[in-house]
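Down below is the structure, laid out as structure tokens.
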Number of protein chains: 2
Amino acid sequence: MNDQEQREFDKNLENLRLELRRGTLVLGVLSRLQRPQYGYSLVEELGARGIAAEAGTLYPLLRRLEAQQLLESVWETSGPKPRKYYVLTAQGKVMLGLLTAEWQEITKNMIGLLREE
Amino acid sequence: MNDQEQREFDKNLENLRLELRRGTLVLGVLSRLQRPQYGYSLVEELGARGIAAEAGTLYPLLRRLEAQQLLESVWETSGPKPRKYYVLTAQGKVMLGLLTAEWQEITKNMIGLLREE
DNA sequence: GATGATACTGTATGACACACACTATTGTCA
DNA sequence: TGACAATAGTGTGTGTCATACAGTATCATC
């Protein structure tokens with residue numbers, strides 16, 4: 001593999017890794033928002049737990065989930081910086097349960113596939 | 001939740017399940033193509049193993065992976081129907097290893113997140 | 001020997017989530 | 001004063017997927 005091919009390979013790898021991570025961000029966010037938390041702290045916590053998320057990805061995601069009524073938010077303005085706290089709604093809790101089950105199913109199937117030679 | 005809201009919820013659920021599955025198809029395909037196999041049989045086998053894939057999704061995927069030099073193909077025309085057999089290239093094997101590691105890392109992180117209350 | 005199902009491969013279109021690169025404000029500390 | 005951190009947001013492009021569609025050749029069934 002020459003340099004050119006190596007760069008192609010690396011680009012494809014990044015792309016495929018990206019696709020693999022896809023969707024897990026939502027599940028991660030929902031699982032964390034069983035307790036109220038604000039966006040910036042979510043980025044930090046998920047990052048610390050191995051789930052890197054760009055702020056530019058997370059904020060639109062939170063707003064989307066709120067629009068879907070899976071989250072609700074309140075502004076906390078008493079501190080030095082205004083923070084928008086999000087937390088799961090009742091629907092959000094149900095969704096978290098369903099997606100967790102789906103995730104476990106997918107994981108089970110993938111393990112079956114990957115185990116064989 | 002009224003009917004309208006229920007439909008919204010179901011739509012969102014389908015969408016999120018879709019995103020969760022995303023990327024796993026590639027990993028599944030690569031893992032199966034350690035041995036040569038043709039498209040139609042892949043659809044069957046993956047389906048039997050719990051990874052539903054539409055033909056209209058799989059064929060473009062196979063061609064894409066071949067264009068990325070992760071797969072190579074040969075036409076088998078001796079049988080009654082022409083079949084295009086795909087198999088991993090050397091690069092494809094490396095990629096499979098890297099993506100498998102990534103998958104395990106993601107899984108580990110998600111389990112950590114989901115385990116807590 | 002016609003009719004329909006099945007095996008087999010392919011293409012076009014559209015939706016949507018993500019990364020990335022921005023903008024913007026306010027507080028803090030050197 | 002000036003830089004960095006905290007905090008929230010938007011806009012654009014890219015890529016994968018589902019869905020729907022097109023096409024051919026074989027096999028079974030009647």
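Note on naming: letters A, B, ... go to the chains in the order of the sequence lines (proteins, then strands), and numbering restarts at 1 for each one.
Of the candidates dT16(D), dC18(C), dT11(C), dC18(C) carries the atom nearest the Thr57(A) side chain, counting heavy atoms from C-beta on. When the nucleotides dT9(C), dC18(C), dG9(D) are ranked by their closest atom to the side chain of Arg83(B), dT9(C) comes out on top. Checking dA7(C), dC17(D), dA8(D) against every side-chain atom of Lys81(B), the shortest atom distance belongs to dA7(C). Set against dC16(C), dT9(C), dA18(D), the side chain of Asn15(B) has dC16(C) as its closest nucleotide. Nearest to the side-chain atoms of Glu54(A) among the listed nucleotides dT9(C), dT7(D), dC20(C) stands dC20(C).
Each of Glu44(B) and Pro60(B) has a nearest nucleotide on DNA chain C; the 5'-most of these lies closest to Glu44(B). When each of Ser41(A) and Lys11(A) is assigned the nucleotide of DNA chain D with its nearest heavy atom, Ser41(A) is the one assigned upstream, toward the 5' end. Each of Gly56(A) and Pro82(A) was matched to the nucleotide of DNA chain D holding its nearest heavy atom; the match closer to the 5' end belongs to Pro82(A).
In this structure, Arg17(B) and Arg21(B) have side chains that are in contact, with non-hydrogen atoms separated by less than 4.5 Å.
Counting to the nearest Å, the P atom of dC8(C) and the CD atom of Gln37(B) are 11 Å from each other. Glu19(B) has its CD atom 8 Å from the C1' atom of dC17(D), to the nearest Å. For Leu61(A) and dG11(D), the CG to P distance is 18 Å, given to the nearest whole Å. Per the geometry, CG belonging to Leu18(B) stands 11 Å off P belonging to dC18(C), to the nearest Å. Rounded to an integer number of Å, the gap from CZ of Arg17(A) to P of dA17(C) is 22 Å. If you take OH of Tyr85(A) and P of dT7(D), they are 8 Å apart, rounded to a whole angstrom.
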Tell me, with the steps shown, if Arg83(B) and Glu76(B) meet salt bridge (Lys or Arg N to Asp or Glu O under 4.0 Å).
CA-CA 5 Å; Arg83(B) 294 168 169 175; Glu76(B) 170 63 50; over 6 Å; no
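With hydrogens and angles ignored, the 3.5 Å screen pairs a side-chain donor or acceptor of Thr89(B) with a backbone N or O of Leu70(B). One N or O on the side chain of Arg32(B) and one on the backbone of Leu113(A) form a donor-acceptor pair closer than 3.5 Å.
The phosphate of dT10(D) (OP1 or OP2) has a side-chain N or O of Arg63(A) nearer than 4.0 angstrom. Note on Arg64(A): every side-chain N or O is 4.0 Å or more away from OP1 and OP2 of dC16(C). Arg22(B) has no side-chain polar atom (N or O) that falls below the 4.0 Å cut-off from OP1 or OP2 of dA17(C). Using a 4.0 Å cut-off, no side-chain N or O of Arg21(B) falls inside it from OP1 or OP2 of dC17(D). Considering only side-chain N and O atoms, Tyr59(A) lies nowhere under 4.0 angstrom from the phosphate OP1 or OP2 of dT7(D). For the pair Tyr40(A) and dA6(D), the criterion of a side-chain N or O lying under 4.0 Å from OP1 or OP2 is met.
Side-chain polar atoms of Gln6(A) and Asp10(A) form a donor-acceptor pair below 3.5 angstrom.
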